[in-house]
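Here is the structure we will look at.
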Protein chains: 2
Amino acid sequence: MSIEEKKRLQRNDRVTIRTVATHAGVSVAAVSKVMRNAYGVSEALRAKVTDAIEVLGYRPSRAARGLRGRSFTIGVLLIDIRNPFLPEVIAGVNGVLAPSHYQAMIGVSDARVQLETSLIESMIDYKMDGLILVAPRLPSDIIAKFAAQIPIVAVGYHDAGATAFDTVNADDQRGAEIAVEALLACGYRDIEMLSLGEREGHQVSVVRQREIGFRRAIQRGGLGSSAPITKIPIAPPKREETMRKFLSRKNRPRAVFCWSDLDAVTLLSLAMEMGVRVPEDLAVVGYDNSSTAALGLVNLASIDQSGRELGQVATRTLISRIEGRTGAEHIFQMPSLVSRNSLSRSGMAPVT
Amino acid sequence: MSIEEKKRLQRNDRVTIRTVATHAGVSVAAVSKVMRNAYGVSEALRAKVTDAIEVLGYRPSRAARGLRGRSFTIGVLLIDIRNPFLPEVIAGVNGVLAPSHYQAMIGVSDARVQLETSLIESMIDYKMDGLILVAPRLPSDIIAKFAAQIPIVAVGYHDAGATAFDTVNADDQRGAEIAVEALLACGYRDIEMLSLGEREGHQVSVVRQREIGFRRAIQRGGLGSSAPITKIPIAPPKREETMRKFLSRKNRPRAVFCWSDLDAVTLLSLAMEMGVRVPEDLAVVGYDNSSTAALGLVNLASIDQSGRELGQVATRTLISRIEGRTGAEHIFQMPSLVSRNSLSRSGMAPVT
DNA sequence: CGTTATATGGAGAACGTTCTACATTATCCG
DNA sequence: CGGATAATGTAGAACGTTCTCCATATAACG
């Protein structure tokens, strides 16, 4: 009683594993064993220790844990929180983690590859137990190099050939196909895709996958081999300009599939401004089923890839890898169409 | 040359401070001194060490740093990433931190007070150097208790009496006043506020501040002492129901000030659905100037509180406290009106 | 030239865990 | 009852830093 009290005063009152040990009258190692519920702990010992922990309000230092063994933290890396799709992923991750003893720490690398690497390195230096990379910009071999040091699951990164890390994806090719099929079913024949500029998405990004799916669906639909794709730059002034040009084009298509709600919603706004009626003059299908798309004012048909589920699955996959699985897993999730007015006035895709 | 190589092989090839020391032919302490650029380092020594660091690609372990001293990490706590205002704050934080040697780690506590405390504790256990709490739900004395263990800046938390921690806020009272003044200037006399349900916001939350500002402005405008406020519950089914009821009320006001764009945008959607014309039948001013408000389809007038600036200021304040300032600072930022169609057809607030 | 001040580098003890190797008991079995 | 086996608890060495003394070398000064 007096020994640990003396220590607590002397050491600016932080409760350490040692405080607990002396309070419970056992060794430090014993407390550690109980904490990690390791083998070789009697009920009596466990009771004494848990009591002491309770009484003292002991919390193990993550820093010290990280130094020696696991830190029970998993890192999540986002490239851009502005995309309304990401909060869903986080919610999924947190949902799975909540009942466990793991916790998530999020790093945001505002689209700068430089910062992205340095954040991953930081997380490794923290001895985090695993990493979930959401739509990383990094090339596969770099990610593989990191994966040698820490378990990694990539979300929104189509690299089914990766052996060093797992991937969890919505089937973006199929998602694009579904969008085109819905437009075809509504009778539209003149369909174009709005995609992201070359510089922004690498070969394994979701955007390129959607392009592949778009082309295939167009071809299958018997609309010839030319599947026109207009690329939108990401920089604000050029971005709107490109969309305006698209909307005022003489040979503007009858329907458009847009790679993301982010751009689709802006397109709808500009269309209204320019007097292009949706869907009478132009039908639009977006991607992500963001909350904005669901607004009555916007009413944008969109492909739903449940971000929440993606987050959940990614987390489970990561934990299984942390706990010893070797050999990469590549998981796909099926997206679905949410039909709304921008597709057809009734808000219903006609049954074929 | 051979010594450190042997070590690197033997220790699974992590470059530690020791590796650097032997490579540079100096002591471990010397390397540490250079890293922290502490006093008592000659140019020659510094050169040798930085060279070795460069060659070996050494990165200090954050875990070990945290155990002993500073971890050069600051924690950011968010209650809900869904609010489009928060990405801006993050961007501000990251912007200020980028050129420094600090890094931000974000924790998301999905509106559960339980998780909020446990995340703060985790961040303390990580020996983070400081915390930025964004719109925390916790009572002031609890935050003060934490602030005894770690420097804390609260954003969106109106507690100018706090002595243990700093606060950075937009002047939410003034923001509400500006909104009401704009409505008055447009000639509206029958003004109501849509606010957040009692349970969601405590006394020092931004919502309550906006209510105070609303009441004062109404009174100053000579509209009597009754300033009607309708509270919207946060749960999805009740939420829309309450708004619908509001819109179909016989004595529906002529204009409404809404505590957040999040709800204002939904209100606009429902209004359209129910045939209530905006602004002819009902003028609306929101709060946050979110990207959705700016959409042509939505065109919602809104109060802008630069989240980015809030994040920047909060970060600078935190760093100054980390570096030794004592005595609390309470900083205010002035919000401004962004006028759009939901206020008056021209999108301009009439000059008074 | 002796004394004191100053600048520079190093030894080594923390920090709070984990975890291996070992010591001690308890249990079992013929 | 003797010996083997299993169960339980403990010592103590890591982990990779920081940081407080110390030791030494150099400069300054009377």
Side-chain angles (χ1 to χ4, degrees), chain A residues 4 7-8 10-22 24-49 53 56 58-73 101 121-122 124-129, chain B residues 4 7-8 10-22 24-49 52-53 56 58-73 101 121-122 124-129 149:
Chain A
E4 79 259 21
K7 274 200 177 158
R8 285 192 62 172
Q10 149 194 346
R11 293 202 211 290
N12 196 20
D13 129 289
R14 162 140 198 136
V15 178
T16 80
I17 198 174
R18 216 169 311 264
T19 328
V20 176
T22 46
V26 298
S27 75
V28 169
V31 179
S32 175
K33 269 189 177 178
V34 171
M35 293 298 299
R36 305 172 277 133
N37 42 21
Y39 173 80
V41 180
S42 70
E43 265 322 305
L45 179 71
R46 154 161 280 116
K48 272 194 292 188
V49 171
I53 288 175
L56 298 171
Y58 165 69
R59 302 188 320 254
S61 151
R62 300 221 166 208
R65 276 190 154 170
L67 185 53
R68 196 66 232 289
R70 322 258 298 260
S71 66
F72 291 100
T73 306
H101 41 299
E121 284 173 347
S122 263
I124 293 174
D125 297 343
Y126 256 123
K127 279 270 182 65
M128 293 195 172
D129 297 339
Chain B
E4 79 259 20
K7 273 199 176 157
R8 282 191 66 172
Q10 149 194 348
R11 294 201 211 290
N12 195 19
D13 128 288
R14 163 142 197 133
V15 178
T16 79
I17 198 174
R18 215 169 312 265
T19 327
V20 176
T22 46
V26 299
S27 75
V28 169
V31 179
S32 175
K33 272 187 178 176
V34 171
M35 292 299 298
R36 305 171 279 133
N37 41 24
Y39 173 80
V41 179
S42 70
E43 264 324 304
L45 180 70
R46 152 161 282 117
K48 272 193 291 185
V49 171
I53 288 174
L56 298 171
Y58 165 69
R59 304 187 318 255
S61 151
R62 299 220 166 209
R65 276 190 154 171
L67 186 54
R68 195 69 232 287
R70 323 255 300 257
S71 65
F72 292 100
T73 305
H101 43 299
E121 285 173 347
S122 264
I124 293 175
D125 298 342
Y126 256 124
K127 279 272 182 63
M128 293 195 170
D129 297 339
Q149 306 176 60

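Below, read A as the first sequence line, B as the second, and so on, with proteins coming before strands; counting in each chain starts at 1. Predicted, not measured: the structure shown is a model, and the values here were computed from it.
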Atom CZ of Arg59(A) and atom P of dG16(C) are separated, to the nearest Å, by 13 Å

Heavy-atom nearest pair, Thr73(A) first then Tyr126(B), reads OG1-OH, 2.6 Å

Next on the checklist: Quick check on dT17(C): is either OP1 or OP2 less than 4.0 Å from any side-chain nitrogen or oxygen of Ser32(A)?
Outcome noted: no

Exactly one of Val20(A), Val15(A), Thr16(A) clears side chain to side chain contact (heavy atoms under 4.5 Å, CB included) with Arg18(A), and that residue is Thr16(A)

What one should report as the nearest heavy-atom pair of Gln149(B) and Arg59(A) is OE1-NH2, 4.5 Å

In whole angstroms, the gap separating P of dC19(C) from CE of Met35(A) amounts to 13 Å

Distance-only check: which donor-acceptor pairs under 3.5 Å involve side-chain atoms of residues 38-48 of chain A, not counting sequence neighbours?
residue	atom	partner	partner atom	Å
Ser42(A)	OG	Leu45(A)	N	3.2

message: Mind checking if Arg62(A) touches a base, just sugar-phosphate, or nothing, with heavy atoms under 4.0 Å?
response: nothing

- With a 4.0 Å cut-off on heavy atoms, is Arg36(B) in touch with a base, just the backbone sugar-phosphate, or nothing at all? base

Rounded to whole Å, CG of Asp125(A) lies from C1' of dG16(D) at a distance of 11 Å

Arg70(B) atom CZ is separated from dC15(C) atom P, nearest whole Å, by 19 Å

Check nucleotides 7-11 of chain C for protein N or O atoms closer than 3.5 Å to its own N or O atoms and list the pairs.
residue	atom	partner	partner atom	Å
dA7(C)	OP2	Tyr39(B)	OH	2.7
dG9(C)	OP1	Ser42(B)	OG	2.9
dG9(C)	OP2	Ser42(B)	N	2.9
dG9(C)	OP2	Ser42(B)	OG	3.0
dG9(C)	N7	Lys33(B)	NZ	2.9
dG10(C)	OP2	Ser27(B)	N	2.9
dG10(C)	OP2	Ser27(B)	OG	2.9

Please determine if a side-chain N or O atom of Arg65(A) lies less than 4.0 Å away from the OP1 or OP2 oxygen of dT18(C).
yes

Using a cut-off of 4.0 Å on non-hydrogen atoms, how would the nucleic acid contact of Phe72(A) be classed: base, sugar-phosphate, or nothing?
nothing

Practice task
Have a look at Ser61(A) and say if it touches a base, only the backbone sugar-phosphate, or nothing, with a 4.0 Å heavy-atom cut-off.
Solution key: sugar-phosphate

From CD1 of Ile17(A) across to P of dC19(C) the rounded distance in Å is 11 Å

For Asp125(B) and Ser61(A), the nearest pair of non-hydrogen atoms, with its separation, is O-OG, 3.7 Å

Atom CZ of Arg18(B) and atom P of dT17(D) are separated, to the nearest Å, by 8 Å

In whole angstroms, the gap separating C1' of dT17(D) from OH of Tyr126(B) amounts to 16 Å

Exercise. Can you check whether Ser122(B) reaches Arg62(A) side chain to side chain, under 4.5 Å on heavy atoms?
Worked result: yes

Show the atom names and distances, to 0.1 Å, of all donor-acceptor pairs under 3.5 Å that link a side chain in residues 25-36 of chain B to residues at least two apart or in another chain.
residue	atom	partner	partner atom	Å
Ser27(B)	OG	Ala29(B)	N	3.4
Ser27(B)	OG	Ala30(B)	N	3.0
Ser32(B)	OG	Arg36(B)	NE	2.9
Ser32(B)	OG	Arg36(B)	NH2	3.3
Arg36(B)	NE	Ser32(B)	O	3.2

In whole angstroms, the gap separating P of dC15(D) from CG of Leu67(B) amounts to 14 Å

**Message:** Looking at Tyr58(B), I'd like to know whether one of its side-chain N or O atoms comes within less than 4.0 Å of OP1 or OP2 on dT17(D).
**Reply:** yes

